[in-house]
Amino acid sequence: MTHPQLKLGTRGSPLALVQANMVRDALCTAHGWQIDAIEIVPIKTTGDRVQDVALAEIGGKALWTKELDRALLSGAIDFAVHSMKDVETVRPSAIAIAAMLPRADVRDRLIGAPSIEALRHGAVIGTSSPRRVAQLKRLRPDFETVLFRGNVDTRLAKVAANEVDASMLAAAGLDRLGRPGVGVGIETDVMLPAPAQGAVGIEARADDSRMRDWLGAIDHEATHLCVLVERGLLAALQADCHSPVAALATLDGDSILLRAELFAEDGSAHVSGEMRGAIGDGTFADRLAADLLDRAPEAVRRLFAA
Ligand SMILES: NCc1[nH]cc(CCC(=O)O)c1CC(=O)O
């Protein structure tokens, strides 16, 4: 059977390349293509180049997607693979999220200690995630946090070198990199994850119906539905990577349960809530966002929708 010659765009980090291969394998299996039907094209992004400052200081999540978006829209690649939690809330209208793989373990994992409780008073935690900083400080106001960027291996090495007492990494990234036993999973009722954490998304040009049809064959509907609801909450909050937001949507029969929590940057204030909506109801994330903002302390509300 003849097969297309397609170019898959991805960041070049070890995790991104693993995810790119996962998507290539899924597509070739679904369509009976040989593996050489898809060329993996690593593209260096601004976020990859600038490693020494927090993303919040250099422009948020577009840093992980701008160069991939440009390559997709120019036709240099046919589709792009992303960690959905790194994809900014509002996407160019010419780009469509065409599919998502089955969601992995959504939890964060604590690296460097058997539990949060076991960490010494005043422990130093390495993370650059505003959400993780706020959540950890709310749980343990005595913690110090230091900026921690770089790919998964870089962060693991820093913990091993005792540069910090502990760090937090997504279970999904560790598992995909062949490190399933590393770290201790923190239950979502203790630390709700980042919106879209654990989800791999695939984008195509919105007008490329052939590519979107091919990608639709590997779309995991439950993941896609839940991640779109989480992203809908972010959009309603006008939130981005500066905003300490946690959210998780889960399927519950024929409805979706959306849990969310907003924090002040230092964890000193927060608001949490949950709302159930019918599948296909595009408004309940907006209603939860409005409820959260209505009830949020000023130290939280000032970080969100103007
Ligand atoms: N920019 C960090 C990032 N983006 C996606 C993942 C993990 C994979 C995922 O959540 O799907 C990670 C690493 C982490 O948060 O520990």
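All values below were derived from every heavy atom in this structure, side-chain atoms included, with hydrogens, water molecules and symmetry-related copies excluded. When a ligand or atom number is given, it counts from 1 through the structure's own listing order. As the structure is a computational prediction, the values presented were derived from the model and not from experiment.
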*Asks:* Check this for me - ligand 1, Arg132, N or O atoms closer than 3.5 angstrom, yes or no?
*Replies:* yes
*Asks:* Is a salt bridge present between Asp175 and Arg107, judged by a nitrogen-to-oxygen distance below 4.0 Å?
*Replies:* no
*Asks:* Determine whether Glu274 and Leu257 make a side-chain contact, defined as any pair of heavy atoms from C-beta on separated by less than 4.5 Å.
*Replies:*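 Yes, their side chains come closer than 4.5 Å.
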*Asks:* With salt bridge (Lys or Arg N to Asp or Glu O under 4.0 Å) as the rule and sequence neighbours excluded, what pairs involving residues 289-298 come up?
*Replies:* Asp291-Arg295, Glu298-Arg301
*Asks:* For Leu169, which part has a heavy atom under 4.0 Å from ligand 1: side chain, backbone, both, or neither?
*Replies:* both
*Asks:* Ligand 1 versus Ala199, non-hydrogen atoms closer than 4.0 Å: side chain, backbone, both, neither?
*Replies:*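 The answer is the backbone.
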*Asks:* Using a strict 4.0 Å cut-off to heavy atoms of Lys85, name the atoms of ligand 1 that fall inside it.
*Replies:*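 Listed by number with element: 3 (C), 4 (N), 5 (C), 6 (C), 10 (O), 12 (C), 14 (C), 15 (O).
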*Asks:* Relative to atom 10 (O) of ligand 1, which among Gly201, Ala172, Gly198 owns the nearest non-hydrogen atom?
*Replies:*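 Ranked by closest heavy atom to atom 10 (O) of ligand 1, first place is Gly198.
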*Asks:* Please assess Arg287 against Thr283 for the test side-chain hydrogen bond (donor to acceptor under 3.5 Å, both in side chains), listing each intermediate value before the final yes or no.
*Replies:* CA-CA 6 Å; Arg287 296 201 302 275; Thr283 66; 2.6 Å; yes
*Asks:* Charged N to carboxylate O below 4.0 Å: is that the case for Arg179 and Asp153?
*Replies:*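 Salt bridge present between Arg179 and Asp153.
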*Asks:* Heavy atom of Met168 under 4.0 Å from ligand 1?
*Replies:*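 Met168: no contact with ligand 1 (<4.0 Å).
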*Asks:* Of all the atoms in ligand 1, which lie at a distance below 4.0 Å from a heavy atom belonging to Gln197?
*Replies:* 10 (O)
*Asks:* Tell me whether Arg176 has any N or O atom under 3.5 angstrom from an N or O of ligand 1.
*Replies:*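 In this structure, Arg176 places an N or O atom under 3.5 Å from an N or O of ligand 1.
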*Asks:* Of Val182, Val184, Val152, which is the lone residue that meets side-chain contact (heavy atoms from CB on, under 4.5 Å) with Ile111?
*Replies:*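 With Ile111 as partner, side-chain contact (heavy atoms from CB on, under 4.5 Å) holds for just one option, Val182.
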*Asks:* Do the charged groups of Glu163 and Arg155 touch, with an N to O distance under 4.0 Å?
*Replies:* no
*Asks:* Remaining members of Leu139's ILVMFWY cluster at a side-chain heavy-atom cut-off under 4.5 Å?
*Replies:* Leu110, Ile116, Leu119, Ile125, Leu136, Phe143, Met168, Ile186, Val190, Met191
*Asks:* Which part of Ala170 is near ligand 1, with near meaning a heavy atom under 4.0 Å away: side chain, backbone, both or neither?
*Replies:* both
*Asks:* Quick check: does Gln19 get an N/O under 3.5 Å from an N/O on ligand 1?
*Replies:*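 Gln19 vs ligand 1: no N/O contact under 3.5 Å.
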*Asks:* Could you tell me whether ligand 1 has any atom less than 4.0 Å away from a heavy atom of Arg149?
*Replies:*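 Per 4.0 Å heavy-atom rule, Arg149 does not contact ligand 1.
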